[in-house]
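Report on the structure given below.
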Amino acid sequence: MLKLRLSRGGTKKRPVYKVVVADSRFARDGRFIEKVGFFNPLLPKEKKERIGLEAERIKYWLGQGAQPTTRVARILGENEIIPMPANGNNPNKAVPKKDRKKDGESAEAPKVDAAPAAEAPKEEAPKVDAAPAAEEKK
């Protein structure tokens, strides 16, 4: 399957991405079919040099069945080459990580409580059987 995706370049901690058409089986920074643009995330969003795209070639590859990745789809949507994709649903994004763990533990707690509740009747049944056995011995 053909993908429109980002291929990382640049130096350590200074990324620059190429927008490429590549087979999905190839490595992220490996072999690609054609370079159709670039993306520099270090520049401010207002700068024109942040993103460069070859719209005609991108439309051609989309017509050939190439699928953009999520990030590339957003870049293409912002540049009005394709319709802007819908936002994903990440309700925990605004919650600090410390609080996320607490929520995760509280979400797991009912599962843990539910399991012993299911086992409790099993434990009670042997206790009831043990009581008559004790009476028989007397």
Side-chain angles (χ1 to χ4, degrees):
M1 168 188 269
L2 291 177
K3 290 273 190 185
L4 279 167
R5 65 181 180 195
L6 297 175
S7 176
R8 191 176 195 271
T11 61
K12 183 177 178 184
K13 307 227 179 193
R14 308 278 300 167
V16 177
Y17 295 94
K18 293 183 283 192
V19 180
V20 298
V21 179
D23 190 313
S24 61
R25 296 171 291 187
F26 295 156
R28 179 194 70 182
D29 300 333
R31 195 165 86 191
F32 60 88
I33 299 168
E34 182 179 354
K35 178 185 171 191
V36 293
F38 65 88
F39 171 58
N40 186 351
L42 299 177
L43 294 176
K45 290 186 178 181
E46 303 83 42
K47 287 214 171 196
K48 187 172 80 171
E49 300 85 27
R50 179 180 164 99
I51 299 173
L53 300 171
E54 297 177 22
E56 292 300 318
R57 294 305 295 166
I58 291 171
K59 289 177 184 175
Y60 167 78
W61 284 110
L62 290 171
Q64 296 296 315
Q67 297 293 317
T69 59
T70 306
R71 178 64 58 184
V72 172
R74 287 187 57 200
I75 291 170
L76 298 178
E78 289 168 0
N79 288 281
E80 300 175 357
I81 295 174
I82 63 171
M84 190 68 172
N87 290 337
N89 183 18
N90 186 358
N92 291 330
K93 185 174 183 180
V95 180
K97 282 190 176 180
K98 294 176 185 175
D99 296 338
R100 283 186 211 170
K101 287 187 176 181
K102 291 178 185 174
D103 291 343
E105 291 172 2
S106 64
E108 293 176 5
K111 293 178 185 175
V112 174
D113 292 338
E119 294 175 8
K122 293 178 184 176
E123 292 177 13
E124 291 175 11
K127 289 179 184 176
V128 173
D129 294 338
E135 292 176 9
E136 292 174 6
K137 290 181 181 178
K138 290 181 181 179

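The figures here come from the full heavy-atom set of this structure, side chains too, leaving out hydrogens, waters and symmetry mates.
- The main-chain N or O of Val20 is never found under 3.5 Å from a side-chain atom of Arg5 such that the two would form a donor-acceptor pair.
- Atom CZ of Arg71 sits about 6.5 Å away from atom CZ of Phe39, to the nearest 0.5 Å.
- With Asp23 contributing its side chain and Arg25 its backbone, the two residues share a donor-acceptor pair below 3.5 Å.
- Placement of Leu6 and Leu62 within a single hydrophobic cluster is found when ILVMFWY residues are connected by side-chain heavy-atom separations under 4.5 Å, directly or transitively.
- Hydrophobic clustering (ILVMFWY, side-chain heavy atoms < 4.5 Å, transitive): Ile81 and Trp61 are in one cluster.
- Cluster annotation: Tyr60 and Val72 are assigned to the same hydrophobic cluster (Ile/Leu/Val/Met/Phe/Trp/Tyr, side-chain heavy-atom contacts under 4.5 Å, transitive).
- Each of Met84 and Ile58 belongs to its own hydrophobic cluster when Ile, Leu, Val, Met, Phe, Trp and Tyr are linked at side-chain heavy-atom distances under 4.5 angstrom.
- A continuous path of ILVMFWY side-chain contacts below 4.5 Å connects Val19 to Ile51, so both sit in one hydrophobic cluster.
- Few gaps surround CG on Asn90; more than 12 heavy atoms of other groups in view lie less than 6.0 Å from it.
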Give the C-alpha distance, both sets of side-chain angles, the deciding distance and a yes or no for side chain to side chain contact (heavy atoms under 4.5 Å, CB included) between Leu42 and Arg14. CA-CA 7 Å; Leu42 299 177; Arg14 308 278 300 167; 3.7 Å; yes
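- Annotation for Glu80: atom CD does not count as buried by contact number, only 12 or fewer foreign heavy atoms lying within 6.0 Å.
- Using a 4.5 Å heavy-atom cutoff, the side chains of Thr69 and Leu4 are not in contact.
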